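Any value given below was found using the heavy atoms of this structure, including those in side chains, with hydrogens, waters and symmetry copies removed. Given the structure is predicted, the values throughout are model-derived calculations rather than measurements.
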Amino acid sequence: MVYGVDNNTANTDKLFNLFCLYGNVVRMKFLKTKEGTAMDQMGDAIAVERSIQQLINILIDNDGSKTQIAFSKQHYFSESINPYTLPDNSISLKDYSAFKNNRFLSLTQASKNRILHFFNTTKGCHPSQVRMFV
């Protein structure tokens with residue numbers, strides 16, 4: 001679960017670009033009933049753990065609020081019967097299971113991936129001070 005997402009600027013592709021750094025993304029869905037909330041179904045439990053560990057309390061929007069990443073009570077989600085249109089005219093649900101830009105499709109690809117690291121930050125910079133614009 002991704003809480004605190006700016007519905008006016010974020011969409012499924014932007015969140016994919018963030019989460020694909022940590023594992024294969026299967027599906028991404030914005031919830032209509034809970035504004036600012038998205039569900040991200042990752043390919044395996046290790047990817048979920050890695051995503052939460054790396055992205056917890058990271059600022060990813062222009063407004064300076066922290067986006068919260070947490071486990072969902074659901075292990076997977078089914079496709080929505082009625083996906084809706086987001087403010088940028090993209091669809092609220094997207095399936096990435098066969099998407100070629102997933103970076104962990106094979107063991108060879110996975111072995112070449114590195115966790116995102118930031119270099120040349122100011123001395124004493126804490127991860128909570130880093131902003132990632134999606």
Side-chain angles (χ1 to χ4, degrees):
M1 297 297 295
V2 186
Y3 301 100
V5 177
D6 183 357
N7 277 6
N8 293 317
T9 59
N11 62 34
T12 56
D13 287 337
K14 289 180 179 181
L15 287 179
F16 169 84
N17 288 336
L18 182 62
F19 281 90
C20 77
L21 298 171
Y22 307 107
N24 290 331
V25 176
V26 177
R27 289 186 190 97
M28 186 72 66
K29 172 172 125 176
F30 279 80
L31 303 182
K32 190 170 190 171
T33 56
K34 293 182 182 179
E35 189 170 317
T37 304
M39 290 182 74
D40 173 23
Q41 183 179 340
M42 300 297 289
D44 57 67
I46 294 170
V48 173
E49 292 280 350
R50 199 179 304 132
S51 298
I52 291 174
Q53 179 184 21
Q54 297 296 319
L55 297 174
I56 196 163
N57 291 325
I58 296 293
L59 303 171
I60 64 169
D61 287 320
N62 293 327
D63 66 0
S65 63
K66 290 182 181 176
T67 300
Q68 297 293 317
I69 312 290
F71 289 102
S72 172
K73 293 176 185 171
Q74 300 176 4
H75 294 285
Y76 61 92
F77 57 92
S78 58
E79 292 193 31
S80 178
I81 297 170
N82 296 317
Y84 64 99
T85 304
L86 296 171
D88 70 349
N89 290 323
S90 65
I91 198 76
S92 64
L93 169 73
K94 192 163 183 181
D95 187 327
Y96 294 97
S97 58
F99 195 50
K100 68 177 182 172
N101 290 341
N102 269 315
R103 301 171 61 219
F104 297 82
L105 295 174
S106 70
L107 291 175
T108 305
Q109 282 180 305
S111 69
K112 295 178 183 179
N113 290 318
R114 303 286 185 262
I115 299 300
L116 181 64
H117 294 281
F118 293 95
F119 298 95
N120 297 324
T121 60
T122 58
K123 187 174 182 175
C125 181
H126 188 269
S128 65
Q129 296 171 309
V130 176
R131 290 183 187 208
M132 301 175 79
F133 297 100
V134 239

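Counting heavy atoms from C-beta outward, Asp40 and Val25 have side chains that approach closer than 4.5 Å. Side-chain contact between Tyr3 and Leu31 is absent, with no heavy atoms from C-beta onward closer than 4.5 Å. Side-chain contact check for Ile52 versus Tyr22: every heavy-atom pair is 4.5 Å or farther apart. In this structure, Phe30 and Lys94 have side chains that are not in contact, with every pair of non-hydrogen atoms separated by 4.5 Å or more. Side chains of Met1 and Met39 form a contact here, defined as non-hydrogen atoms less than 4.5 Å apart.
Taking each heavy atom of Met42 and Val48 in turn, the nearest pair found is CB-CG2, 3.7 Å. Considering every non-hydrogen atom in both Ala38 and Leu15, the closest pair reads CB-CD1, 3.7 Å. The shortest non-hydrogen separation linking Asp44 to Ala47 is OD1-N, 2.8 Å. Across Leu86 and Ile91, no two heavy atoms sit closer than the pair CD1-O, 3.8 Å. The shortest heavy-atom contact between Val5 and Val2 is CG2-CG1, 3.4 Å. Between Leu93 and Pro83, the shortest heavy-atom distance links the atoms CB-CB, 4.2 Å.
Val26 and Phe71 end up in different hydrophobic clusters when Ile, Leu, Val, Met, Phe, Trp and Tyr side chains are linked at under 4.5 Å.
Within 6.0 Å of CD1 on Ile46 lie no more than 12 heavy atoms contributed by other residues, nucleotides or ligands.
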Verdict with supporting geometry, Arg50 and Phe19, side chain to side chain contact (heavy atoms under 4.5 Å, CB included): CA-CA 10 Å; Arg50 199 179 304 132; Phe19 281 90; over 6 Å; no
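The distance from the OG atom of Ser92 to the NZ atom of Lys29 is 8.0 Å, given to the nearest 0.5 Å. Separation of atoms CD (Gln68) and CG (Leu55) is listed at 11.5 Å; rounding is to 0.5 Å.
Between Phe99 and Phe16, the ring-plane angle classifies as perpendicular under the 30° and 60° cut-offs.
The salt bridge (Lys or Arg N to Asp or Glu O under 4.0 Å) test applied to Asp88 returns no partner, not counting sequence neighbours.
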